[in-house]
Structures are given as C-alpha cells and as structure tokens.
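In this chain, residues are counted from 1 in sequence order. Treat the numbers as computed from the prediction; the structure is a model and nothing was measured.
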Amino acid sequence: MNRFVPWALVALCFVLGIASRSIGETFAVFVPSIQQAFDANRGSVTLIYGFSLLLGGTAAPIAGWIADRFGLRVLTMVGMTAAALATAGASQATNVWHLHLGLGVVMGFGSAALSGVLSSTLLGRWFPPNRLGVAIGVSWSASGVGAMATIPIAQHLIATEGWRGAYLIFACASAVFIPLLMFLPWRRIERGALGLVPLRAAGDAGPTVGEALRDWPFWALTVSFGLTSIGIFSLAPQVMIYLLERGFEGAYAAQALAVAGVLMPLGMVGFSWLADRGGRRLAALLAYGSSIAGVGALALVRGPSDDLWLWLYVLLFGGSMGSRGPMISTLATLRYRGAHFGRIYGLISMGMGFGGFFGAWIGGVLHDLTDGYAAVMVLSVAALALAAASLGSEAGARERLSRPKP
C-alpha cells in the first residue's frame, strides 16, 4: 500500500492546484471584460495579475514558515480559504483596486501556499532524487491541466453569467475543498517515506537560511525564477486580447489558449523526465529555446489566416511555459532539503513573484506606451535568454554532483 501513497500525495497537490491556481490562470480571459467594465487602461488591468504573481512569490517565505512551524494541514486550509475569498471578493468589486486586493494580493497568497512550497515540501519527503522531478512536474502541471477546463468554462460563464457571476461560481468551487482538508492524516503524511527524512531526527537539519543565502546556487535559482517569470508573464496575460485585436473570434482564441494549457503539463512532465534521467542542463536549455521560438511564432500572427503561426506558438510556448518551475523546485529540493527547506524555498520563490509582477506590469505599460506588442516580445525573449544561462549553470552543477566519484 505504501507504494501508492507518494502518488496519492501527488494527486492531492494536483487537485488543490486545479481548485486554486488554475482558476487564477483564467485571468487572461477576463481581461477584456474587466477593462471594459471599469474603463481602465491595459496597464492597470494587467497589474492585477502582476500583484497575484508578486504575492505568489514574495509571500512564499511566509507560506514556508507556516509549513515549517504549523504543518501542512494549516498551510493547505489557509491557502484554499484565500483562493475562495479572492474570487468571491472579485465578484463584488466596484473599483479596479478591489481587484488588485482580491485577485492580486489575496489570490497571490493562496497561490503561494498551494503551489511550489506545498509540493516541494511534501513530495520531497516521499520521492528519491531520480523520481522527484517527475513527481513535482506532475504536481505543477495542475494549472495547465486545469486550464483545459477552466479557460473554456470561464469564457462560457462570462458570456452567460457575466464576469462577476463567473468569479462567484469559481469561489464556490474552491470553497468545497476547505472542510475536506481537515480530515486528512497529516501527521502520517508529514513523516514521509522511510529513509528519506530521518536525517532530521539524527541531528542533521540540513542547510540553514543563512547558509543558503551565502551560497551561489541559491542566487542562481532565484534569478532563474525571476527572469523566467518576466519572460513569460510580460506576454501571457495579453495573448487573448492580442488575438482578438488581430481578428480571431473569442471562442477560437480561448480554444487555442486551452490547447496550450493541455500541452503545458505534458511539457512539465516531459522536461522533468528528461532532467531526472541525467539531462538537467539539456532539459533547461531545450525548454527555454522552445519558449523563445514560440514568441517568434506569435510575432508572425497578423490575422485569422495565420493559423500555422498561432498553433506553432501554442505548441512551442504552451508546451514549455511551465516547465522551468518544476526544474527549479527540484534543484532547490535536492540542494536544500531539511528542517529549514520551507523558508529557503520560499525565499527562492520570491524571484518568481517579483519577476511575475514586473513582467505583467511592464508588459502592459510597454503596450500602452508603444501601442503595440513588439517591445513586449523583445523583453520576453531577452529575459528568457538570460534565465537560460542562469538555470543552465546550476543544472550543470547538479549533474556534476550526481556523477559517481572515480
């Protein structure tokens, strides 16, 4: 029976991700309705998503502290409550700053509690190094798999119930999970698999926060998270309206984004599988190369007749969009696993938060200043190229450490 427990915990992380993060990822579908409802400029609307990304990273140390101090039961219940309150509050918003607070700050904290901190802290106790990457990749893929359903559902609900009604329905869906989390056997879950975590009881608590901060790999992983988030989120929140402006119908554009959501988990698991099999550096470079090529394909979409370039973007950008998160999380877990891991990983995740915030905000501002998307795409490509160099260096170092000594 114990052999099924690790994958049951992967499924738990996966389901919680769908009930929280995948709902947050539907924001791109809401952008046109929100912009029209409040007569707001693009920068102020994308700033909502930017705040969500900012808190998703900067609140990660708090989520890590909750996990280390109070346990995963408290962490998951707090995170799911925040996700439900965020979407419920959004449905009642009467000003854009209400959405900044609800969908930005509160939803961002919920994402911090239910994403990387949870999956890395939990799964790192149940999987050995050569299987950890795939496990974390499957967990992280929840937002992409969820997008297969939540993006078309959001588009349909906006058309039939309005954007406020859509957020209220999503709030109810998240709230259902809160009482269920109370009754899980968290003490048994947190003990982990025999042989992986007993080092703590033997007096080896792993690296401290101070030791990690003095370690170059900590900064390589943090910078990789930040630059990757800038590269992705300067562009992603605007793709829906980009396609609408080029003449695509809303349902067709939403379908394309949903397919990208289908491909994202495949990329997460596929690149993580390659990394676990000894190709961490190669997997990282291939993932970044695919994203950069996807941005180039999107730049060539000029109208509804450019289906080839649109679907090439979906394949390349969608298939690699979320693949770096599991890679960074796996490398962080392998290097810093121990009693202080939650806080260390939370600090690393701050790079993702700051990068996502500035990426989404600057992407919207660049569009408003230039009245186009060329500058946004240049920023995206530059950030992804720099992130590839940073993550590639740490992935190569991990490969050298994993080689048997002569």
Side-chain angles (χ1 to χ4, degrees), residues 56-72 74-75 112-113 115-133 135-136 139-140 190-193 195-229 272 275-276 280-281 284 324-355 386-387 389-405:
T58 57
I62 300 175
W65 175 78
I66 293 173
D68 291 342
R69 178 66 179 82
F70 299 104
L72 297 178
V74 173
L75 179 67
S115 55
V117 171
L118 173 63
S119 60
S120 297
T121 302
L122 176 56
L123 301 181
R125 304 178 186 191
W126 286 91
F127 286 88
N130 65 335
R131 296 169 58 204
L132 180 61
I136 291 180
S139 172
W140 274 67
E190 292 184 352
R191 282 201 297 269
L196 284 180
V197 190
L199 289 174
R200 297 187 190 182
D204 184 358
T208 65
V209 174
E211 289 170 342
L213 289 173
R214 294 190 293 270
D215 195 13
W216 159 246
F218 172 91
W219 296 106
L221 294 171
T222 303
V223 168
S224 299
F225 247 149
L227 290 172
T228 303
S229 295
S272 294
D276 278 351
R280 298 193 186 279
R281 187 170 183 271
R324 278 67 54 129
M327 291 183 194
I328 296 170
S329 297
T330 301
L331 291 170
T333 304
L334 293 176
R335 187 172 285 276
Y336 298 114
R337 180 161 45 191
H340 309 283
F341 174 72
R343 281 159 284 184
I344 295 172
Y345 180 83
L347 291 170
I348 290 172
S349 295
M350 289 181 71
M352 177 176 61
F354 280 115
L386 292 172
S390 180
L391 185 58
S393 67
E394 171 58 11
R398 172 51 52 181
E399 287 181 342
R400 291 190 293 272
L401 287 173
S402 301
R403 291 173 189 154
K405 296 181 180 179

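Between the S390 side chain and the A387 main chain, no donor and acceptor come within less than 3.5 Å of each other. Side-chain atoms of Y336 come within 3.5 Å of backbone N or O of F218 as a donor-acceptor pair. Panel note: side chain W219, backbone L213; a donor-acceptor pair is recorded below 3.5 Å.
For the pair T208 and H340, the tightest heavy-atom approach, listed with the atom from each and the gap, is CA-CD2, 3.8 Å. Scanning both residues, A332 and I348, for their nearest heavy atoms gives CB-CD1, 3.9 Å. The minimum heavy-atom distance linking R280 with L331 is given by the pair CD-CD2, 3.8 Å. Residues S229 and G355 approach most closely at CB-C, 3.5 Å, considering heavy atoms. Nearest heavy-atom pair, T333 versus L132, reported as atom, atom and distance to 0.1 Å: CG2-CD2, 3.5 Å. The nearest pair of heavy atoms linking G133 to D276 is N-OD2, 3.1 Å.
Side-chain contact between R324 and S224 is absent, with no heavy-atom pair separated by less than 4.5 Å. At a threshold of 4.5 Å between non-hydrogen side-chain atoms, the residues T228 and M327 do not count as touching. Taking the side chain as every heavy atom from C-beta outward, S272 and T330 never approach each other to under 4.5 Å. Using a 4.5 Å heavy-atom cutoff, the side chains of L72 and I66 are not in contact. Between L391 and L227 the shortest side-chain heavy-atom distance does not fall below 4.5 Å. Side-chain contact between M352 and I328 is absent, with no heavy atoms from C-beta onward closer than 4.5 Å.
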- Task: Kindly indicate, with the supporting measurements, whether the criterion side chain to side chain donor-acceptor pair (under 3.5 Å) is fulfilled by Y345 and S329.
- Result: CA-CA 8 Å; Y345 180 83; S329 297; 2.6 Å; yes
- Would you please test R335 and D215 for side-chain contact (heavy atoms from CB on, under 4.5 Å) and show each step? CA-CA 10 Å; R335 187 172 285 276; D215 195 13; 3.9 Å; yes
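Atom OG1 in T121 sits 10.5 Å away from atom CD1 in I344 (nearest 0.5 Å).
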